[in-house]
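Data block below; observations after.
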Amino acid sequence: MKEFLPENIRNVVVLSHGGAGKTSLIEAMLYKAKMISRMGKVEDGNTVMDYEPEEIQRKTSISLSLAYLDWKGTKINIIDTPGYSDFQGEVLGALRAADAVLLVVCAVSGVEIGTENMWRLAQEHSLPVLFVVNKIDRENADLNKVITQLQESFSRGIVLISEDIIKGKEGREAEREKLIEALADVNDVLLEKYINGEEIGEEEIRKTLVEGVKKRQIFPVLPVSALACEGIEQLLDSILEYLPSPVDRGPIKGTSPSSGEEIVVNPRDDEPTCAFVFKTVTDPYVGKLSFIRVFSGTLDTDSSLINVNKNTQQKIGQIYLLIGKQQQVVGKVHAGDICAVPKLAETSTGDTLCAPSRLVLLPSINYPEPVYQLAIAPKSREDEEKLSTGLNRLTEEDPSFRWWRDNEIKQTVIAGMGDVHLEVIVDRLKRKFGVDVELTTPKVPYRETIRKAASAQGKYKRQTGGHGQYGDVWLLVEPLERGAGFEFVNKIVGGVVPRQYIPSVEKGVQKALSEGILAGYPVVDVRVTLYDGSYHPVDSSDIAFQIAASIAFKNAAQQADPVLLEPIMNVTVYVPKAFTGDVLGGLNSKRGRIIGIESESPLIDKIIAQVPLAEMLKYAIDLRSITGGRGTFTMSFSHYEEVPPHIAQQIIESSRKEER
């Protein structure tokens with residue numbers, strides 16, 4: 001197998017709004033480079049990159065996948081990503097492994113919200129971008145309109161390129177003039193020539209294009225038709241000529257795991273090995289497969305590396321190059337390259353692997369908070385263990401998916417980026433781990449509190465023939481500010497409650513707090529003061545004072561104007577301007593407070609709001625319905641506040657029915 005040095009490698013991630021044709025584009029690139037003998041079609045379910053059953057069924061990319069090709073002696077590593085917003089976690093992993101972005105735009109649809117999101121992510125990761133306008137042969141395709149949209153939405157440095165334009169062929173003078181005008185912002189020498197009307201040569205244009213792309217001041221546009229395999233050769237040539245190699249991208253920075261000092265990692269073979277795991281695939285039969293970007297040194301079969309995050313040693317067995325699910329065994333990969341390694345049992349997505357001679361911790365991947373939750377339970381009790389095993393494995397594979405056992409609402413909860421995301425998780429649970437499950441809307445973790453102070457006695461007295469039980473306390477309960485939690489104060493004087501029973505009183509109060517006073521939800525933001533009581537020298541006990549304290553707290557809290565609290569979420573919605581009014585109306589109908597509206601770009605508005613969690617449980621579905629799938633949102637916890645009385649009464653009545 002031919003080896004590729006860092007300067008002869010290009011690592012590109014392919015991004016787009018869903019449906020722009022990323023997978024078809026990669027299929028055409030592989031075919032043009034003779035890596036595959038025929039082009040598959042997404043509609044037929046036979047493409048190289050979409051090989052998971054869930055992808056074939058849905059006819060869309062769901063998981064990050066890898067391919068490589070050899071073009072004129074340069075290895076191009078291609079990372080395919082989903083365009084659907086539910087699977088943005090896959091995109092974040094891919095961006096950490098890439099040196100440049102191919103941002104695919106449909107020649108008919110133009111700039112869409114997914115295009116906006118992918119551009120934003122590319123900028124956040126400081127990656128050069130080459131725009132590919134696909135489906136240029138479709139009816140209603142309009143290249144000029146799309147380029148204008150791109151320039152207005154993102155940058156005036158977005159400019160059409162082609163060999164004819166660069167060489168100034170007849171009929172392309174106007175386009176060459178626009179290209180040179182854009183390049184004049186990059187290079188002062190070229191700017192001076194342009195102002196003075198001097199001739200600017202082909203080589204000077206090419207050199208300045210490379211400079212501008214690296215600086216992220218120039219963003220070339222190439223028109224193609226993936227299905228017709230038109231424009232693909234020029235695209236591959238442009239990747240080689242204009243997009244950076246790992247050497248061009250330069251060093252990255254990590255930290256020492258022991259001292260926290262900054263360490264510079266250079267893309268050179270003669271440095272100690274430093275590699276990053278940007279994706280994990282798990283399979284109950286094949287095992288675990290780690291996708292790895294080598295940032296320095298070489299990765300060799302039978303070498304041993306240190307997992308810096310876990311502080312464990314990991315033996316590198318086989319090393320694979322991937323084209324979709326096809327695996328090719330190699331003995332070594334160089335700095336800057338991408339590969340896959342099986343059976344790294346203690347290694348997860350986001351981990352750094354290093355040679356023992358130099359330990360570096362690279363920044364992990366920051367995944368977004370999940371916005372959609374469901375309660376999950378196995379249909380068969382015998383499957384409970386398999387369910388937790390499967391969920392753990394799927395979390396390794398997809399860190400944007402999370403699950404936990406919520407003892408407060410007594411449910412197992414799964415959380416992801418949308419309903420389609422969780423549908424895929426459930427499909428994989430059944431296919432990979434043989435677990436059938438039932439899904440329900442999770443309960444809302446309400447809280448209870450009080451609005452005024454009150455005091456009450458709690459006395460527990462029982463005589464059973466031998467030693468009895470006796471505990472007697474007086475408690476004062478007072479409200480604290482929201483978010484303050486629980487405070488216990490002991491003001492006993494004179495030993496009316498012996499010192500050894502004070503912890504028992506606090507324990508009894510905490511038990512009562514967990515059981516609630518209105519609807520069984522935990523009580524928060526209260527101060528409880530023990531100020532009086534009595535005891536029996538023989539019959540008093542730990543349990544007696546626990547019970548007495550619980551009785552006293554409940555008696556006092558009932559007089560302290562108890563209220564129900566609900567979680568309020570910070571919600572940010574990104575939506576095409578045409579749908580802003582509908583989205584605002586929808587949020588208002590969900591008892592939302594609109595904090596502000598910002599113009600994210602000429603096409604997109606950002607709506608910031610606070611909305612009760614109870615109203616947001618199915619918002620991923622609602623927003624897709626309102627915007628035709630073009631809106632996205634993020635959500636995070638803000639605070640608790642009182643539930644409106646009429647809604648609180650419904651919740652309390654529902655809770656009491658469940659208890660019966």
Side-chain angles (χ1 to χ4, degrees), residues 4 6-16 20-33 35 48-49 61 64-83 90-105 115 118-119 121-134 158 161 209-210 212-214 216 218-222 224 226 231-250 252 267 276 278-279 291-295 321-324 333-340:
F4 294 88
E7 58 268 24
N8 294 323
I9 294 172
R10 302 290 185 273
N11 297 310
V12 296
V13 56
V14 187
L15 308 179
S16 81
K22 291 184 313 303
T23 302
S24 299
L25 177 68
I26 297 169
E27 198 83 3
M29 293 166 72
L30 293 171
Y31 177 74
K32 181 62 73 173
M35 303 300 289
V48 170
M49 306 303 272
S61 299
L64 176 162
S65 56
L66 298 179
Y68 78 95
L69 58 87
D70 182 345
W71 186 252
K72 299 181 179 178
T74 295
K75 184 186 183 197
I76 301 177
N77 289 313
I78 304 169
I79 312 173
D80 190 18
T81 61
E90 302 287 310
V91 175
L92 296 174
L95 287 163
R96 287 295 303 278
D99 295 315
V101 170
L102 298 185
L103 186 43
V104 184
V105 184
T115 321
M118 299 308 177
W119 168 264
L121 289 172
Q123 298 311 299
E124 289 174 2
H125 287 76
S126 301
L127 290 173
V129 176
L130 189 158
F131 285 94
V132 181
V133 180
N134 191 21
I158 294 171
I161 66 167
L209 260 173
V210 172
V213 170
K214 184 178 179 181
R216 295 187 301 116
I218 296 295
F219 307 95
V221 177
L222 288 169
V224 306
I232 303 302
E233 188 168 337
Q234 184 182 347
L235 171 60
L236 293 170
D237 286 342
S238 297
I239 290 172
L240 266 56
E241 188 168 2
Y242 304 119
L243 297 186
S245 71
V247 175
D248 297 326
R249 282 281 290 165
I252 63 167
F276 184 77
F278 63 93
K279 168 70 178 175
F291 293 3
I292 294 174
R293 162 72 189 261
V294 182
F295 281 100
L321 300 184
L322 300 181
I323 300 180
V333 292
H334 293 262
D337 212 343
I338 290 173
C339 63

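As the structure is a computational prediction, the values presented were derived from the model and not from experiment. This chain uses plain numbering: 1 for the first residue, then up along the sequence.
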- Note on the structure: Here the gap from Met35 atom CE to Ile323 atom CD1, rounded to the nearest 0.5 Å, amounts to 4.0 Å
- Task: State which residue, out of Val132, Ile161, Leu102, Leu243, fulfils the side-chain contact (heavy atoms from CB on, under 4.5 Å) condition with Ser238.
- Result: Ile161
- Pair listing, salt bridge (charged side-chain N to carboxylate O under 4.0 Å, His left out) test, anchored in residues 22-33, at least two apart: none
- Message: If you compare all heavy atoms of Trp71 against all heavy atoms of Glu233, which two are closest, and at what distance to 0.1 Å?
- Response: CZ2-CG, 3.6 Å
- Message: Quick check for you: to the nearest 0.5 Å, what is the distance between Arg10 atom CZ and Asp99 atom CG?
- Response: 9.0 Å
- Listed by chain and number, what are the side chain to side chain contact (heavy atoms under 4.5 Å, CB included) partners of Pro267, not counting sequence neighbours? Pro246
- Closest non-hydrogen atom pair, Asp70 against Ala33: O-CB, 4.2 Å
- Message: If you compare all heavy atoms of Ala335 against all heavy atoms of Pro6, which two are closest, and at what distance to 0.1 Å?
- Response: O-CG, 3.2 Å
- Looking only at heavy atoms, which two atoms of Ser245 and Glu7 are closest? And how far apart? CB-O, 3.8 Å
- Distance-minimising heavy-atom pair for Val224 and Gly231: CG1-O, 3.6 Å
- Query: What distance separates Leu15 CG from Leu95 CG, expressed to the nearest 0.5 Å?
  - Reply: 5.5 Å
- Message: Do Met29 and Leu236 have side chains that approach each other closer than 4.5 Å (heavy atoms only, starting at C-beta)?
- Response: yes
- Query: What heavy-atom pair brings Val333 and Cys339 nearest, and what distance separates the two atoms?
  - Reply: CG2-SG, 3.9 Å
- Kindly assign one of parallel, tilted or perpendicular to the pair Trp119 and Phe131, based on the angle between their ring planes and the thresholds 30° and 60°. parallel
- Query: Could you state the interatomic distance from CG (Asn134) to CG (Leu222), rounded to the nearest 0.5 Å?
  - Reply: 11.5 Å
- Query: In Å, rounded to the nearest 0.5 Å, how long is the span from CE of Met49 to CD1 of Ile26?
  - Reply: 4.5 Å
- Query: How would you list, by chain and number, every residue that makes a side chain to side chain contact (heavy atoms under 4.5 Å, CB included) with Ala340, sequence neighbours excluded?
  - Reply: Leu289, Phe291, Tyr320, Leu322
- Task: Mind checking the OG1-NZ spacing from Thr81 to Lys279? Nearest 0.5 Å is all I need.
- Result: 11.5 Å
Donor-acceptor pairs under 3.5 angstrom involving side-chain atoms of residues 121-129: please list them, not counting sequence neighbours.
from	atom 1	to	atom 2	distance (Å)
Gln123	OE1	Arg216	NH1	3.0
Glu124	OE2	Arg120	NH1	3.4
His125	ND1	Leu121	O	2.9

Side chains of residues 72-80: which donor-acceptor pairs under 3.5 Å do they make with residues two or more places apart or in other chains?
from	atom 1	to	atom 2	distance (Å)
Lys72	NZ	Asp237	OD1	2.8
Lys72	NZ	Asp237	OD2	3.4
Lys75	NZ	Asn77	OD1	3.3
Lys75	NZ	Asp337	OD1	2.8
Lys75	NZ	Asp337	OD2	3.1
Asn77	ND2	Asn11	OD1	2.8
Asn77	ND2	Asp337	OD1	2.9
Asp80	OD2	Thr23	OG1	3.2

- Task: For Val210, enumerate each residue passing the side chain to side chain contact (heavy atoms under 4.5 Å, CB included) test, keeping only those at least two apart in sequence or located in another chain.
- Result: Tyr242
- Message: Does Leu64 form a side-chain contact (heavy atoms from CB on, under 4.5 Å) with Phe278? I'd like the steps, not just the answer.
- Response: CA-CA 10 Å; Leu64 176 162; Phe278 63 93; 4.0 Å; yes
